[in-house]
Amino acid sequence: MLDKSYDPKKVEEKWYKIWEEKGYFEPTYDPEKPKFSIVIPPPNVTGVLHIGHALNNSIQDVLARYKRMDGYDVLWVPGTDHAGIATQNVVEREIAKEGLTRHDLGREKFLERVWKWKEQYGGRIIQQLKKLGASCSWKYERFTMDEGLSRAVREVFVRLWEEGLIYRGDYIINWCPRCQTALADLEVEFENVKGKLWYLKYPLEDGSGFIVVATTRPETMLGDTAVAVNPEDERYKNFIGKTLVLPLVGRKIPVIADPEVDPEFGTGAVKITPAHDFADFEIAKRHNLPFVKVIDEQGRMTEEAGSYAGLDRFEARKRVVEDLKAQGLLEKEEDYDLVLGHCYRCHTVIEPLISKQWFISMKPLAQPAIAAVKYGFIKFVPENWNNLYFDWMYNIRDWCISRQIWWGHRIPVWYCEECGEVIVSREDEVKECPKCGSSKLKPEEDVLDTWFSSALWPFSTMGWPEKTKTLETFYPTSVLVTSFDIIFFWVARMIMMGLHFMGQIPFRHVYIHALVRDEKGQKMSKSKGNVIDPLEMIEKYGTDALRFTLIALAAQGRDIKLAESRIEGFKHFINKIWNASRFVLMSLEGTELSGKFDVEKLPLFSKWILSELQKSIKKVRQKLDEFEFDQAAMEAYHFFWNKFCDWYIEVSKIYMKNPEFERDTKEVLLRVLKDSLKLLHPFVPFVTEEIWSKLPLKESEHIIVAPYPVVDTSLISERSEREVSLIQEVIVGIRSVKSDYNLTSKKELKVIFKAENQTSLELLEREKEVVKTLSRIEEFSCVLEHQRKKGEVSLVLSQGELFVDLTGLIDVKKEIERLTKEKGRVEKKLEQVSKKLSNRNFLERAPKEIIEKEKRIKAEMEEKLAKIERYLGELKNDDS
RNA sequence: GGGCGGAUAGCUCAGGGGGAGAGCACCGGCCUUACAAGCCGGGGGUCAGAGGUUCAAAUCCUCUUCCGCCCA
């Protein structure tokens with residue numbers, strides 16, 4: 001016997017352990033089975049499970065469990081990402097508590113600390129995924145800095161180098177002065193901020209006047225090497241080619257013309273600082289201007305900045321403005337809204353600067369990746385993400401892959417100090433220059449962008465560059481489940497790398513799910529205090545409730561606005577599953593069942609529930625196959641609660657009292673419960689497994705490996721669906737009359753059903769007990785003819801009429817009110833339909849079925865209206 | 001500036017040319033032997049606005065307003 005309510009804490013841990021011990025999560029390589037594989041989007045080692053992970057992994061788990069039950073050999077590769085900058089920051093903060101910086105420790109010692117940290121905390125998120133019930137193939141767990149994956153990284157780097165797709169060069173890049181590293185374009189977050197626009201006067205060398213330039217970053221003027229104007233700009237035509245004297249510095253700089261200059265901005269003349277501005281960098285290259293670097297990697301002014309050298313960039317800004325003002329060279333300053341780039345990790349204002357970095361040429365890699373999506377080899381779900389992907393890929397820029405941090409894959413390059421040779425090698429260590437034989441080699445200090453190793457994840461985790469059985473069996477993977485914010489960072493790059501190195505797409509589908517936000521639609525963040533912690537929710541409501549909520553809300557391509565109350569609501573559903581099962585188990589006690597029944601001999605509602613079950617199985621499968629998880633979940637929910645619990649279980653109580661039906665009803669109860677549990681298992685694994693363990697006649701010891709329900713078309717019965725819907729109409733009708741008159745507990749009411757035909761009459765006669773019990777009345781008779789008596793309330797149904805004897809209780813006024821309202825509804829509908837049917841165009845052009853349907857509705861409404869009118873007339877008579 | 005979504009019941013959303021739906025919330029009644037975390041009944045909508053296409057528009061098209069997000 002089950003407890004009175006479901007307690008997740010008692011069972012969740014137990015079942016997860018059993019599943020793991022039995023090896024259910026691991027693939028079997030059974031050649032008979034079709035294959036299904038997923039690689040996890042590896043969470044950062046620094047991470048703790050947040051609600052986004054919970055959603056992402058719940059969805060993957062639904063797929064993995066569904067496919068596993070459906071006979072697939074499933075591999076779900078789990079793992080974690082070393083998260084270069086993020087992790088380094090965490091450990092730096094930790095040693096800062098001891099008063100140390102990473103430079104105090106030195107590279108080697110610092111990395112030891114990071115590894116130690118990783119050993120200690122890196123497994124947290126994995127443990128949390130287990131709490132969530134994620135059925136990952138743990139024997140395949142990988143870490144992006146594992147030996148094998150590191151080997152893959154080096155191999156890829158070397159091959160790309162050999163193919164000429166990797167190069168090193170002086171480029172302007174985004175620099176984070178706090179993290180002390182270059183950032184890729186994608187790693188910069190832009191934000192609107194209030195700033196100022198300063199108008200600076202640059203004197204002409206010949207003393208004939210000034211050109212005024214506007215800037216939001218006056219300190220960069222120290223590095224100006226030109227002023228540019230638009231060649232079409234009449235105001236400045238005469239200045240082109242002249243020389244200016246750069247204030248505070250005294251450098252002579254030219255006025256140049258470039259079509260990229262926006263004449264609308266500021267004065268139309270712009271200062272050119274090639275070393276510290278992306279647009280200026282491009283212009284300078286076109287015009288062969290010199291590059292003067294005035295801000296260094298710490299965000300301080302360099303020697304080139306003369307007397308400002310050593311000042312912080314923001315301090316220098318103030319000083320430059322003051323000094324220009326003093327010299328009368330500041331024309332004005334005004335408030336200005338500008339867009340500033342910030343480091344996505346530490347939120348420091350980034351500084352564009354020139355530096356030597358490693359890049360990958362993306363254009364050649366992008367082409368096949370575009371084609372793969374264009375020709376449908378990879379499908380985004382929902383497909384409107386295609387456009388975003390294409391836009392990005394068509395305009396792709398080279399990827400800056402070097403980072404000036406210590407935690408990450410070291411770039412496998414050595415420089416010969418004798419002959420300057422650049423050596424790129426697959427080996428861990430290079431001892432000797434292959435060109436000059438020198439042993440004086442200096443290794444590259446930089447590490448690779450974290451996303452470099454992530455890009456290889458689908459095949460590196462399966463053992464590439466070895467030709468492994470895993471790769472052969474499970475690559476390409478079936479689907480990638482992720483959210484849209486990393487389409488560029490990750491998805492696009494995996495497609496490019498997968499195609500380039502495996503010669504095959506990495507996955508067939510990319511399912512893009514929503515981002516979880518709070519109930520007001522805002523991004524959850526610790527600082528806003530609106531975070532819903534999945535672990536806390538699991539503690540409070542149980543894992544199944546959390547999972548079901550996330551999936552039920554996960555409509556495609558939308559934000560998920562999550563309020564805690566939703567989780568609480570779905571916890572009720574979990575409890576409902578528990579209690580319905582409890583009822584079935586109680587009913588079955590003491591009966592030996594066979595698992596078989598003769599469908600033909602089953603009573604109406606048994607046929608009906610089996611038929612409804614088939615429809616639900618079909619729908620759930622279809623929705624899962626289409627990645628419409630919310631609809632799959634809701635279909636299972638409705639079937640279970642509104643059909644099985646609300647109707648069938650209630651009716652079964654009556655059937656079981658009848659010796660003729662008792663046994664088969666139990667068989668059907670068990671059958672429907674078992675199929676429902678299986679249907680629900682991918683969504684709510686723990687409660688279903690716990691109940692399964694108590695059931696008789698199971699086709700497998702554990703539900704996790706039980707076969708997913710398959711539609712049995714022989715059980716679909718449209719006839720019983722029609723019949724049941726009439727009976728339900730009768731029952732609901734009686735209930736509503738009783739409720740309207742506050743008679744819910746009164747049983748001794750006389751109810752007469754006036755059937756429209758013999759068939760309906762017989763049907764209701766047969767199911768009399770059901771009607772009486774479910775509507776809680778004692779007298780129910782079915783007739784073909786009946787004249788309403790005074791004191792009877794009449795209810796017009798689609799196939800007949802109900803009469804409830806309320807002598808002495810009837811409230812004529814209230815009844816007239818109700819009927820008038822109903823009459824209004826019917827008349828409105830009738831009017832709509834009649835209008836359509838009297839329209840010649842409609843009759844000529846609309847499809848036959850539609851016309852037939854409209855005619856049917858019209859007849860139905862007319863009949864209903866006649867009955868209502870007749871009844872209204874009678875009531876008024878009663879009254880007088 | 002460019003692009004993509006969205007606007008449907010009090011709230012959160014589904015539906016995507018042929019009778020306006022769900023969950024939650026709300027109101028009323030029930031301790032009915034699985035479940036009060038429950039059962040039964042009920043109220044509530046010019047489907048953002050304007051125009052168009054169509055026999056027929058919440059649904060397709062155009063414009064407007066507002067709200068998100070992404071890119072520059």
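Because only heavy atoms are used, hydrogens play no part in the values below, and waters and symmetry mates are left out as well, while side chains stay in. Each chain gets a letter, A, B and so on, in the order the sequences are listed, and its residues count up from 1.
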Between the protein and nucleotides 19-21 of chain B, list the N/O to N/O atom pairs that are separated by less than 3.5 angstrom.
none

- Item | side-chain contact (heavy atoms from CB on, under 4.5 Å) partners for A/Asp391, two or more places apart | none
- What residues, two or more places apart in sequence or in another chain, satisfy side-chain contact (heavy atoms from CB on, under 4.5 Å) together with A/Gln622? A/Glu626
- Task: Can you run down the side-chain hydrogen bond (donor to acceptor under 3.5 Å, both in side chains) pairs that involve residues 574-589 of chain A, sequence neighbours left out, and say none if there aren't any?
- Result: none
Checking [X] now: which residues fulfil side chain to side chain donor-acceptor pair (under 3.5 Å) with it, not counting sequence neighbours?
X        : answer
A/Lys694 : none
A/Glu721 : A/Ser611, A/Lys615
A/Lys768 : A/Glu765
A/Asp646 : A/Asn642

Could you run down the sub-3.5 Å N/O contacts of the protein with nucleotides 28-32 of chain B?
unit_1 : atom_1 : unit_2   : atom_2 : d
B/G29  : O2'    : A/Thr744 : OG1    : 2.7
B/U32  : O4'    : A/Arg776 : NH2    : 3.1
B/U32  : N1     : A/Arg776 : NH2    : 3.1

- Item | Watson-Crick or G-U stems involving RNA chain B, each at least 3 pairs long, distances under 3.5 Å, ordered by first number | B:1-7 with B:65-71, B:10-13 with B:21-24, B:26-30 with B:38-42, B:48-52 with B:60-64
Determine all donor-acceptor pairs shorter than 3.5 Å in which one atom belongs to a side chain in residues 538-546 of chain A; sequence neighbours excluded.
unit_1   : atom_1 : unit_2   : atom_2 : d
A/Lys540 : NZ     : A/Glu564 : OE2    : 2.6
A/Tyr541 : OH     : A/Glu564 : OE2    : 2.7
A/Thr543 : OG1    : A/Glu12  : OE1    : 2.7
A/Thr543 : OG1    : A/Glu12  : OE2    : 3.3
A/Thr543 : OG1    : A/Lys131 : O      : 3.2
A/Asp544 : OD1    : A/Phe686 : N      : 3.2
A/Asp544 : OD2    : A/Phe686 : N      : 3.4
A/Asp544 : OD2    : A/Val687 : N      : 2.7

Side chains of residues 848-860 of chain A: which donor-acceptor partners sit under 3.5 Å, not counting sequence neighbours?
none

- Does the side chain of A/Thr482 pick up a donor-acceptor pair with the side chain of A/Tyr511 at under 3.5 Å? no
